Structures are given as structure tokens and as C-alpha cells.
Amino acid sequence: MTSRPELQAPPEIFYNDDEARKYTSSSRIIDIQAKLSERAVELLALPNDDVPRLLLDIGCGSGLSGETLSENGHQWIGLDISQSMLDVALEREVEGDLVLGDMGQGLGLRPGVIDGAISISAVQWLCNADKSSHEPRIRLKAFFGSLYRCLGRGARAVLQVYPENLAQRELILGFAMRAGFSGGIVVDFPHSTKRRKEYLVLTCGPPSSAAPRGKGEDGESCSDEDSSGDEDNQSVCISDRHRPRKKQRLNKKMKGREWVLKKKEQMRRKGNAVPADTKYTARKRKARF
């Protein structure tokens with residue numbers, strides 16, 4: 001079994017010239033990227049008014065997912081950390097604008113200019129410390145914070161991810177919620193090992209519509225009964241990012257004079273210097289002077 005790419009090398013090193021060309025020339029990869037991108041555009045739920053939107057493709061690579069955005073009539077900006085991948089995109093003459101950058105350092109875009117964002121198989125790379133200066137929590141915070149700022153009010157971001165485990169999934173989702181997003185994870189084909197796909201569907205601000213559902217084996221939306229069962233296979237939907245307040249401890253027992261004298265005696269036995277007992281020891285003070 002091949003190791004996960006993000007565990008082998010940093011993305012700018014793993015996707016070198018040879019890997020970038022091999023990746024882009026694979027008919028299997030092209031087909032998978034097209035299907036994932038089409039599903040991401042579907043989950044964006046853009047208005048069906050034939051007005052082109054300005055979209056952001058995070059981890060655009062050689063522009064395979066960007067081609068889907070162009071086919072749907074939208075303009076797009078692609079961001080990627082691999083110069084080799086962007087060189088292949090330029091050779092292929094993709095229609096989007098390309099930016100060389102590290103999403104873990106923030107996106108660097110003006111606030112509110114993006115109508116929607118997609119990302120295919122990229123965000124999980126932020127969970128790995130490829131350099132001594134890399135801290136996954138700091139990089140996730142920078143990424144989601146800048147993504148939230150550059151999106152317009154009510155705009156969506158659909159991030160297709162391959163989390164390594166449940167802890168990594170919760171880490172990514174947690175920082176998305178802290179940045180201000182509402183939304184959650186949509187799982188397609190939850191009961192299939194090979195076809196299972198996870199999409200982090202985020203809305204900038206409160207959700208404007210009902211949360212989307214994952215697809216089942218028949219290609220239709222899963223019902224609540226279909227997604228019940230194995231906890232790891234359930235779709236996760238979080239619309240409120242605020243944490244519940246801690247419950248206040250009720251009926252707190254006050255520590256009186258007897259408790260204080262007992263503690264002072266224990267300290268004396270240990271040889272510690274303890275003030276002498278007086279009538280003022282452990283006295284109850286007034287609420288105000």
C-alpha cells in the first residue's frame with residue numbers, strides 16, 4: 001500500500017517536475033479530479049443566474065480542478081505552493097490566474113472579494129510539520145482566518161479533504177469553526193471504503209440554507225437513517241461555533257475555622273513556619289468596608 005503523499009515530503013518537494021507531469025497526464029487522476037471538482041461546485045450552491053463568479057481554487061496544482069470552474073462559466077484564482085505544478089498549468093494555458101503561495105501562511109487576498117472557494121485534496125497537508133518552524137495549529141488558524149476574510153458575506157467554501165484519522169478531522173473542523181465559519185462535513189458514499197469522500201462545507205457567516213447531505217451508493221442524497229450506524233461514517237454538521245458555557249458549581253461548601261486550623265496544624269507537623277492562632281483566624285469578612 002502506497003504511503004500518503006503528505007507523509008513522504010513537503011508538497012513543494014513531492015510535486016517536482018517529474019511528479020507534476022505524471023500527475024497531470026494520468027487519465028485516472030484527471031477523471032477523479034473532474035468528479036471531485038464537479039461535486040465541490042455543486043456543494044457551493046451558487047445562484048443559477050448565469051452570472052460568472054470569482055472563485056478561489058486552493059491547492060490548484062496544474063489546473064485540473066480549475067478547468068471545471070471554467071466549464072461552469074466562472075472566473076477563478078488558483079493558489080499552489082508547487083512551482084512545478086504551476087509551470088504545467090501555464091503550459092496547459094488554463095484560464096485562471098495563478099498565484100505561487102503557501103496557504104498555511106494566509107491567502108493574502110483583499111477582504112470580501114471572493115464569491116466562493118474550493119479545494120481538492122489539499123487542506124490535510126497543513127496538519128503536517130514539514131519544517132521546524134511549522135506548527136499545524138498556527139498554520140490552520142492562519143489559513144481559515146484569511147479564507148474567512150476574503151470571502152463575501154454568505155459565500156461558501158467547499159474543501160475536499162482526506163483526513164488521516166478522526167483527530168485530524170476534528171482539528172481541521174475545529175479551526176474552521178473558530179475562524180467564524182458555520183457548516184460541517186458532508187460525507188459521500190459513507191459505507192464504501194474506496195468511494196468515500198469528505199467535504200468540509202463552510203459558510204461565511206450564518207448558514208443561508210439547509211445543510212447539504214452526502215450521496216449514497218445510488219448517487220442520491222443519504223437520509224438520516226442511511227447515515228446512522230457507525231459513528232465514524234456519519235455526516236457531521238455544526239452550525240453553531242460557540243462553545244457552551246461551563247456549568248457553575250452549585251452548593252459550594254465554604255471552608256470554615258475548623259478546616260483552617262486543621263491545615264495549619266498539618267503544616268506545623270511538617271516543620272513549616274505558621275502564624276499563631278488568634279480569634280481572627282478564618283474569620284468571616286464583611287461584604288463591604
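Keep in mind that the numbers below use all heavy atoms, side chains included, and drop hydrogens, waters and symmetry copies. Start at 1 with the first residue, then count along the sequence. Keep in mind that this is a model prediction, so the values were computed, not measured.
The structure places CZ of Arg195 at 7.5 Å from NZ of Lys35, a figure rounded to the nearest 0.5 Å. The line from OG1 of Thr24 to OH of Tyr15 is 10.0 Å long, rounded to the nearest 0.5 Å. Taking CD of Glu67 as the reference point, atom CH2 of Trp76 lies at 8.0 Å (rounded to 0.5 Å). Atoms OG and CD1, from Ser25 and Ile30 in turn, are 7.0 Å apart once rounded to the nearest 0.5 Å. Annotation: the span from Ile77 atom CD1 to Cys60 atom SG amounts to 10.5 Å, rounded to 0.5 Å. To the nearest 0.5 angstrom, Met177 atom CE is 5.5 Å from Leu202 atom CG.
No path of Ile, Leu, Val, Met, Phe, Trp and Tyr side chains, each step under 4.5 Å between heavy atoms, connects Ile29 with Val88, placing them in separate hydrophobic clusters. Linking ILVMFWY side-chain heavy atoms closer than 4.5 Å, directly or via other members, places Leu98 and Ile120 in a single hydrophobic cluster. Leu64 and Tyr199 are members of different hydrophobic clusters when ILVMFWY side chains are connected at heavy-atom separations under 4.5 Å. Clustering ILVMFWY residues whenever any of their side-chain heavy atoms sit less than 4.5 angstrom apart, transitively, puts Leu79 in the very cluster that holds Leu109. By the rule that hydrophobic residues join a cluster once side-chain heavy atoms approach within less than 4.5 Å of another member, Phe175 and Ile185 end up as members of one cluster.
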Please step through side chain to side chain contact (heavy atoms under 4.5 Å, CB included) for the pair Cys204 and Leu147, ending with a clear verdict. CA-CA 9 Å; Cys204 186; Leu147 177 61; over 6 Å; no

Given the rule in the side chain to side chain contact (heavy atoms under 4.5 Å, CB included) test, do Ser65 and Leu36 qualify, once you have shown the distances and angles that lead to the verdict? CA-CA 8 Å; Ser65 50; Leu36 294 176; over 6 Å; no

Test side chain to side chain contact (heavy atoms under 4.5 Å, CB included) on Gln75 and Asp97 and set out the steps. CA-CA 9 Å; Gln75 299 175 346; Asp97 296 322; over 6 Å; no

Are Glu19 and Lys22 close enough, and set up right, to give a salt bridge (Lys or Arg N to Asp or Glu O under 4.0 Å), and what steps lead you there? CA-CA 5 Å; Glu19 188 66 29; Lys22 183 171 65 174; 3.5 Å; yes

Would Arg21 and Asp17 count as a salt bridge (Lys or Arg N to Asp or Glu O under 4.0 Å) if you check the C-alpha gap in whole Å, the side-chain angles of each, and the deciding distance to 0.1 Å? CA-CA 6 Å; Arg21 297 185 185 282; Asp17 291 345; over 6 Å; no

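Atom CD of Glu91 sits in a crowded spot, with more than 12 heavy atoms from other residues, nucleotides or ligands closer than 6.0 Å. At most 12 heavy atoms of other shown residues, nucleotides or ligands fall within 6.0 angstrom of atom CZ in Arg137. Around the NZ atom of Lys141, the shell of radius 6.0 Å holds no more than 12 heavy atoms that belong to other residues, nucleotides or ligands. The number of heavy atoms from other shown groups lying within 6.0 Å of CD (Gln83) is above 12. Enclosure of atom CG in Asp49 by more than 12 non-hydrogen atoms of other residues, nucleotides or ligands within 6.0 angstrom is indicated.
Here the side chain of Asp115 pairs no donor or acceptor atom with the backbone of Leu55 at under 3.5 angstrom. The backbone N or O of Ile58 lies less than 3.5 Å from a partner atom in the side chain of Ser119, making a donor-acceptor pair. A donor-acceptor pair under 3.5 Å links the side-chain atoms of Gln124 to the main chain of Tyr162, judged by distance alone. The main-chain N or O of Leu69 is never found under 3.5 Å from a side-chain atom of His74 such that the two would form a donor-acceptor pair. In this structure, the side chain of Asp80 engages the main chain of Gly61 through a donor-acceptor pair within 3.5 Å. With Arg92 contributing its side chain and Ser62 its backbone, the two residues share a donor-acceptor pair below 3.5 Å. A donor-acceptor pair is defined here as one N or O able to donate and one able to accept, closer than 3.5 Å; no such pair exists between the side chain of Thr68 and the backbone of Ser37. Proximity of a side-chain donor or acceptor of Thr281 to a complementary backbone N or O of Thr278 within less than 3.5 Å is detected.
Side-chain contact check for Leu166 versus Glu170: some heavy-atom pair is nearer than 4.5 Å. The side-chain heavy atoms of Leu151 and Phe181, taken from C-beta on, include a pair separated by under 4.5 Å. Between Val94 and Ser70 the shortest side-chain heavy-atom distance does not fall below 4.5 Å. Within the 4.5 Å cutoff, the side chain of Leu159 has heavy atoms near those of the Phe143 side chain. Looking at Phe144 and Leu200, their side chains come closer than 4.5 Å, going by heavy atoms from C-beta outward. Arg139 places a side-chain heavy atom less than 4.5 Å from the side chain of Asp102. When side chains are defined from C-beta on, Leu44 counts as touching Ile118, because their heavy atoms get closer than 4.5 Å. At least one side-chain heavy atom of Arg196 sits under 4.5 Å from a side-chain heavy atom of Val187.
Remark: the Asn16 side chain and the Ser84 side chain contain no N/O donor-acceptor pair separated by less than 3.5 Å.
Salt bridge absent: Lys262 and Glu265 never bring a charged side-chain N and a carboxylate O closer than 4.0 Å. A salt bridge links Arg268 with Asp277: the closest approach of a Lys/Arg side-chain nitrogen to an acidic carboxylate oxygen falls below 4.0 angstrom.
The two residues Ala155 and Gly116 come nearest to each other via the heavy atoms CB-N, 4.4 Å. What you find for Glu198 and Pro163 is that their closest heavy atoms are OE1-CG, 3.4 Å. Counting all heavy atoms, side chain and backbone alike, Lys264 lies closest to Pro275 at NZ-O, 3.0 Å. Nearest approach of Leu54 to Val113, heavy atoms of both residues: CD2-O, 3.7 Å. In plain terms, the two heavy atoms of Ala122 and Gly59 that are nearest each other are CB-CA, 4.1 Å. Closest approach of Gly184 and Leu173 over heavy atoms only: CA-CD1, 4.3 Å.
Between Phe14 and Trp125, the ring planes lie tilted relative to each other; the angle falls in the 30° to 60° range.
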